[in-house]
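Presented below is the structure to which this report refers.
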Amino acid sequence: MLDIKVTKTETPKEKPTGKLGFGKVFTDHMFIMDYTLGRGWHDPRIVPYQNLTLSPASMVFHYGQEMFEGLKAYHGEGGDSYLFRPEMNAMRSNATNDRLCIPQVPVEDYVQAVRELVKVDEDWIPTEAGTSLYIRPFIIATEPFLGVDISKNFLFMIILSPSGAYYESGLAPVGIWIEDDYVRAVKGGMGFAKTGGNYAASLAAQVKAHDDGYSQVLWLDGVHRKYIEEVGAMNIFFKINGTIVTPALNGSILPGITRDSVLTLCRSWGIPVEERLISVEEILDAQKQGNLEEVFGTGTAAVISPVGKLRYKDDVMVIGGGEIGPISQKIYDTVTGIQLGKVEDSFGWRVKV
Ligand SMILES: Cc1ncc(COP(=O)(O)O)c(C=O)c1O
């Protein structure tokens, strides 16, 4: 258990009014904890939100030794605030940390830090339908040193950002670009980790997709450029002939917490589920034969993002007539219902702040 020192701001900011976007407004406080080799994590504290002072030689700026996470706090039924499976983010953080030679943060300490910070800024959790407080834990290497090595110092921080409804008016299907040139990750690399380099590597393809009018990129595997991996910030699911199919966790895709929740729910509903290799040809064939019933992305940001259009080279597949499929809608309603305390939480996923 951490002994977190809390220093409250003397100049609370105005809360934003009107439409909330994403990731531009930050709350009054942040969490910080230092790591020093030989001493471990120390000095956990909640302080007024502020800029950092770092040496320009801090290792994070040069070789990218850093990690981050993303989860949300929700204003639930009856006015209580909830987190959704925060221990999963803590565990995934440690898997990322191991890959990047960043020291682990004990899961209980991580969840405690998130809860205590959200509690301090609880009145920043927006209350309108679909809104939430985005939580961004991250760790950076701060030792001032230009050699390629493991930093001896790190900072673990958590910042909070009120965020608007992902969907303004119902679940809107998105267009996805299947990238056939650039790749995001390979087995043995860091695709399963949530670290900045993976996202930096994704930007060039994202530009191509946007230029062509598609909102996100769907990555293929880095070796054969044949097997479906994941979307820029979502895992991907297909409903083919009544079966829900998603790529298996193979080391090059992020093990999404929403993905895991969707698999658990579908299994509990008796829907056949398969985690396996899926080639892009299989999807094209299923579409041609009229068996591709639903396609959706899963992630913390949108929960479910129905895919209405998939482009692969010269083929453009229109799925479900651009409408939302019944399974996508049911999963969305159930997950958001659990998050907000409106639906029974049979799996113990909801955590009161
Ligand atoms: C690359 C990538 N895949 C998948 C996901 C979905 O993960 P989660 O459901 O934990 O938000 C995310 C978002 O965090 C992501 O960045």
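Given the structure is predicted, the values throughout are model-derived calculations rather than measurements.
A centroid separation of 6.0 Å or more is found between the aromatic rings of Phe138 and Phe156. Residues Tyr82 and Tyr74 place their aromatic rings such that the two centres sit no closer than 6.0 Å.
Val60 and Ile102 sit in two unconnected hydrophobic clusters of ILVMFWY residues. Membership requires side-chain heavy atoms under 4.5 Å apart, directly or through other members. Residues Leu37 and Met67 share a hydrophobic cluster, clusters being chains of Ile/Leu/Val/Met/Phe/Trp/Tyr side chains in contact below 4.5 Å. Residues Phe31 and Ile135 are members of one and the same hydrophobic cluster, defined by side-chain heavy-atom contacts under 4.5 angstrom among Ile, Leu, Val, Met, Phe, Trp and Tyr. Hydrophobic clustering of Ile, Leu, Val, Met, Phe, Trp and Tyr side chains at less than 4.5 Å, counting indirect connections, unites Leu133 with Leu117.
Among all heavy-atom pairs drawn from Thr27 and Pro162, the shortest one is CG2-CD, 4.2 Å. The shortest heavy-atom contact between Ser55 and Pro144 is OG-CB, 3.5 Å. Across every non-hydrogen atom of Gly64 and Leu100, the tightest pair is O-CD2, 4.2 Å. Taking all atoms of both residues into account, the shortest heavy-atom contact from Asn198 to Ala193 is ND2-O, 2.9 Å. Here the closest non-hydrogen pair linking Ala90 and Val107 is CB-CG1, 3.8 Å. In this structure, Phe22 and Ser163 approach most closely via the heavy-atom pair CD1-CB, 3.7 Å.
To the nearest 0.5 Å, atom CG of residue Asp80 and atom CD of residue Glu122 are 8.0 Å apart. Ile240 contributes atom CD1, which lies 10.0 Å from atom CD of Gln289 (distance to the nearest 0.5 angstrom). Summarising the geometry, atom CD belonging to Glu108 is positioned 11.0 Å from atom CD belonging to Glu87; distances are rounded to the nearest 0.5 Å. Distance check: Tyr35 OH to Gln104 CD gives 11.0 Å after rounding to the nearest 0.5 Å. Atom CD1 of Ile125 sits about 8.5 Å away from atom CG of Asp123, to the nearest 0.5 Å.
The closest donor-acceptor contact from the side chain of Asn235 to the backbone of Thr258 lies at 3.5 Å or more, if one exists at all. Counting only distance, with no hydrogens or angles, the side chain of Ser305 and the backbone of Ala302 share no donor-acceptor pair below 3.5 Å. Of the possible donor and acceptor atoms, one in the side chain of Gln65 sits under 3.5 Å from a partner among the backbone N and O of Cys101. Listed for the Ser328 side chain is no donor-acceptor partner under 3.5 Å among the backbone atoms of Ile324. Using a distance-only test at 3.5 Å, with no hydrogens or angles considered, a donor-acceptor pair links the side chain of Ser279 to the main chain of Glu282. Without hydrogens or angle criteria, Arg276 side chain to Val245 main chain gives no donor-acceptor distance under 3.5 Å. A donor-acceptor distance shorter than 3.5 angstrom exists from the side chain of His29 to the backbone of Thr9, with no hydrogens or angles considered. Panel note: side chain Tyr63, backbone Leu146; a donor-acceptor pair is recorded below 3.5 Å. Formation of a donor-acceptor pair under 3.5 Å by the Arg350 side chain with backbone atoms of Leu83 is not found in this model. Of the possible polar contacts, one joining the Asp221 side chain to the His224 backbone as a donor-acceptor pair under 3.5 Å is found.
No more than 12 heavy atoms of other residues, nucleotides or ligands shown are found within 6.0 angstrom of NZ on Lys8. Enclosure of atom CG in Asp181 by more than 12 non-hydrogen atoms of other residues, nucleotides or ligands within 6.0 angstrom is indicated. The neighbour count for Glu323 CD, taken as heavy atoms of other residues, nucleotides or ligands under 6.0 Å away, does not exceed 12. Within a 6.0 Å sphere centred on CD of Gln50, heavy atoms belonging to other residues, nucleotides or ligands number more than 12. Atom NZ of Lys152 has 12 or fewer neighbouring heavy atoms from other residues, nucleotides or ligands inside a 6.0 Å radius.
Judged purely by distance below 3.5 Å, without hydrogens or angles, the side chains of Gln329 and Asp333 pair a donor atom with an acceptor atom. Asn250 and Ser252 share a donor-acceptor pair across their side chains, judged by distance under 3.5 Å alone. Side-chain atoms of Asp28 and Trp124 form a donor-acceptor pair, as typed in the model, at a separation below 3.5 Å. Counted by atom type alone, Thr7 and Arg45 present zero donor-acceptor pairs between their side chains at under 3.5 Å.
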Check the pair Leu218 / Ile236 against side chain to side chain contact (heavy atoms under 4.5 Å, CB included), numbers first and verdict last. CA-CA 8 Å; Leu218 175 62; Ile236 189 90; 3.9 Å; yes
Give the C-alpha distance, both sets of side-chain angles, the deciding distance and a yes or no for side chain to side chain contact (heavy atoms under 4.5 Å, CB included) between Met33 and Phe154. CA-CA 8 Å; Met33 179 160 72; Phe154 295 89; over 6 Å; no
Start with the C-alpha distance between Lys119 and Glu116, add both sets of side-chain angles, then the distance that settles salt bridge (Lys or Arg N to Asp or Glu O under 4.0 Å), and finish with yes or no. CA-CA 5 Å; Lys119 192 90 206 153; Glu116 289 198 26; over 6 Å; no
Kindly determine whether Phe238 and Glu274 satisfy side chain to side chain contact (heavy atoms under 4.5 Å, CB included), including the steps that lead there. CA-CA 10 Å; Phe238 303 90; Glu274 292 173 4; over 6 Å; no
Carefully, step by step, assess Arg85 and Asp260 under the rule salt bridge (Lys or Arg N to Asp or Glu O under 4.0 Å). CA-CA 11 Å; Arg85 310 185 75 186; Asp260 182 79; 2.9 Å; yes
Between Val174 and Ile176, does the side chain to side chain contact (heavy atoms under 4.5 Å, CB included) criterion hold? Intermediate values first, please. CA-CA 6 Å; Val174 294; Ile176 300 266; 4.1 Å; yes
Go through Arg259 and Glu275 one step at a time and tell me if the salt bridge (Lys or Arg N to Asp or Glu O under 4.0 Å) criterion holds. CA-CA 11 Å; Arg259 174 188 182 280; Glu275 295 174 74; 2.8 Å; yes
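Side-chain atoms of Leu20 and Pro126, non-hydrogen and from C-beta on, do get closer than 4.5 Å to each other. Residues Glu179 and Lys208 meet the side-chain proximity criterion, which asks for heavy atoms closer than 4.5 Å. Between Met234 and Thr298 there is no side-chain heavy-atom pair separated by less than 4.5 Å. Annotation: side chain of Ile140 is in contact with side chain of Leu54 (closest heavy-atom distance under 4.5 Å). Looking at Ile319 and Lys309, their side chains never come closer than 4.5 Å, going by heavy atoms from C-beta outward. Under the 4.5 Å side-chain criterion, counting only non-hydrogen atoms from C-beta, Ile139 is not in contact with Leu155.
Using the six-membered ring where Trp is involved, Phe26 and Tyr49 have ring planes that are parallel, under 30° apart on the 30 and 60° scheme. Using the six-membered ring where Trp is involved, Phe347 and Trp349 have ring planes that are parallel, under 30° apart on the 30 and 60° scheme.
Exactly one residue among Leu71, Val335, Asn89 makes a side-chain contact (heavy atoms from CB on, under 4.5 Å) with Phe84. That residue is Val335. Applying the side-chain contact (heavy atoms from CB on, under 4.5 Å) test between Met30 and each of Val47, Ile158, Ile46 identifies Val47 as the sole match.
Residues in residues 223-247 take part in these salt bridge (charged side-chain N to carboxylate O under 4.0 Å, His left out) pairs, two or more places apart or across chains: Arg184-Glu230, Lys239-Glu293.
Note that Lys330 lies in the cation-pi zone of Trp269, set by a 6.0 Å cut-off to the ring centre and a 45° limit from the axis.
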